[in-house]
There are 2 protein chains.
Amino acid sequence: MTGQVRTVDGRVAGRRGQATRQKLLDCLSEMLSSSPYRDVKVIDVARKAGTSPATFYQYFPDVEGAVLEIADQMAAEGAGLTELLEGRSWAGKSGWQTAQELVDGFLDFWKKHDAILRVVDLGAAEGDKRFYKIRMKILNSVNNSLADSIAELQSKGRVDKDVNPSAVAGSLVAMLAAVAAHQRGFSSWGVKQAELKPNLALLIHLGVTGRKPSK
Amino acid sequence: MTGQVRTVDGRVAGRRGQATRQKLLDCLSEMLSSSPYRDVKVIDVARKAGTSPATFYQYFPDVEGAVLEIADQMAAEGAGLTELLEGRSWAGKSGWQTAQELVDGFLDFWKKHDAILRVVDLGAAEGDKRFYKIRMKILNSVNNSLADSIAELQSKGRVDKDVNPSAVAGSLVAMLAAVAAHQRGFSSWGVKQAELKPNLALLIHLGVTGRKPSK
DNA sequence: ACTTGTCCTGTCATGCCGTCAGCTTACCGA
DNA sequence: TCGGTAAGCTGACGGCATGACAGGACAAGT
């Protein structure tokens, strides 16, 4: 599938090289969690990995290039979010459960990868197509499933005809992502995480079905 | 109210100084729109403003400091978003209109200031309290009004008791902000801006009142 | 013209960036 | 065992941004 890992100057990376490369990625990932993206420097990453800046440039064109690599790995994992919705029902009590599990799974995923997701979000918002594409890959998995569910309910006449399934699904997914990214912000509104989740699930359920959930 | 404008080394800025200072802010603002935050350098801002880097450092400790200044000015303007909700009703047809006008006003504001808001969002997500505070200032104006509306409807028994007004309001506001920041993303889902707005308004209305709007 | 305080810039030490040439290490076949 | 070859790593370097300072330019009042 994916060709061999290559260095910037075209060499094929062997065992040792791949290990260094991965170590650099791991260290960069860690740095993104602890310091502002703007202040992450190649030399710091290299130092942390116990190597030299020149080595970093052997494997990545620049910091952004390495970030894209990390983001790609995460996006691959993110494709699994589809499972949160595959084959689920939005009817009755199981609908409420579907909404809850979606919120839970999504928030967990975001929390796990929050540092890299912040950067991806920024890159996408700034109009960088590469970041944009990665963000899409993650959100699409959830968005498409949601849009399908809404469209199906719509075809059964249980959702108004002037609803645009993609627009609603996209907005709900954006909401999930935004809330996940700013979970801390809610505490200053006096909202604890445990309270937040059911209310999010409620909004999801309302958005998808147009009705309050029966619990 | 606010004390005089001061330089980094404590001098009071006069008319001429304030003009240069503002020019630097304007140029920085422009650069944020055209290039990634990570790549905005002091020397470029200074060049664009027809001055020297040293001058920049006379008025701001660093790029971040200047960005905070711009963000503050914007936040002051953003406080006016409250008007979108003050004294509005959520009942019947006027409720639908309230939702629509909120969406319109909010999206316009975000579009107008998207570059600086991206950076504020990033700073807040990274845990920087100064950016966080600014973000709050803007969102609070809308959030509080929304939460009040929900709480009021709740006290009248028109909204379920286990709904947390702050949590719902916060989530809806986060949704608005996220959709505004990634409006471009929706086009790849085949959703045009004109279609997006009414669907957003629908979600807002559903979230606040728990019911579909009567149009 | 002189003083005072504001305003701007030339210059400098420091540190990161990104590249290259060249050295070291690992692997492999004879 | 012994080169040969390709992978792997780094010291060193020019270039540029940073941030500090001292000193010169300027405007306004006396």
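We name chains A, B, ... by the order of the sequence lines, and we start the count at 1 in each one.
Note that R118(A) lies outside the cation-pi zone of Y37(A), set by a 6.0 Å cut-off to the ring centre and a 45° limit from the axis.
Listed nucleotides: dC7(C), dA26(C), dC20(C). Nearest to the side chain of A54(A): dC20(C). Side-chain proximity of T55(B) to the nucleotides dT9(C), dC9(D), dC26(D) is greatest for dT9(C). Nearest nucleotide to the side chain of V42(B), out of dT19(C), dT18(D), dA7(D): dT18(D). Of the candidates dG18(C), dG19(D), dC9(D), dG18(C) carries the atom nearest the Y57(A) side chain, counting heavy atoms from C-beta on. Comparing atom distances between the I43(A) side chain and each of dC16(C), dT19(C), dC9(D) picks out dC16(C) as nearest. Of all nucleotides listed (dG19(D), dG8(D), dC7(C)), dG19(D) comes nearest to the side chain of D62(B). The side chain of R47(B) approaches dA17(D) more closely than any other nucleotide in the set dG19(D), dG8(D), dA17(D). Counting only heavy atoms from C-beta on, Q58(A) has its side chain closest to dG8(D) among dG8(D), dA17(D), dC7(C). Among dT9(C), dC27(C), dC17(C), the nucleotide with an atom closest to any side-chain atom of R15(A) is dC27(C).
A distance of 6.0 Å or more separates the ring centres of F186(B) and H182(B).
Looking at L153(A) and V208(A), their side chains come closer than 4.5 Å, going by heavy atoms from C-beta outward.
R11(A) comes within 4.0 angstrom of a nucleotide base, judged by non-hydrogen atoms across all strands. Within 4.0 Å of T7(B), counting heavy atoms only, lies no atom of the nucleic acid at all.
Going from atom NZ of K41(B) over to atom P of dG15(C) covers 17 Å, rounded to whole Å. F60(B) places its CZ atom 18 Å from the C1' atom of dA20(D), with the value rounded to the nearest Å. Atom CG of L24(B) is separated from atom C1' of dT9(C) by 13 Å (rounded to the nearest Å). Rounded to an integer number of Å, the gap from R16(B) CZ to dT9(C) C1' is 12 Å. The interatomic distance linking F56(A) (CZ) with dT19(C) (P) rounds to 12 Å, in whole Å. As a whole-Å value, the separation of D39(B) CG from dG18(C) C1' is 14 Å. Rounded to an integer number of Å, the gap from Y59(A) OH to dT10(D) C1' is 12 Å.
The pair R47(B)-D44(B) meets the salt-bridge criterion, with a side-chain N (NZ, NE, NH1 or NH2) lying under 4.0 Å from an Asp/Glu carboxylate O.
Between T20(A) and dC9(D) there is a side-chain polar atom (N or O) within less than 4.0 angstrom of OP1 or OP2.
Between L28(A) and A66(A), the shortest heavy-atom distance links the atoms CD2-CB, 3.4 Å.
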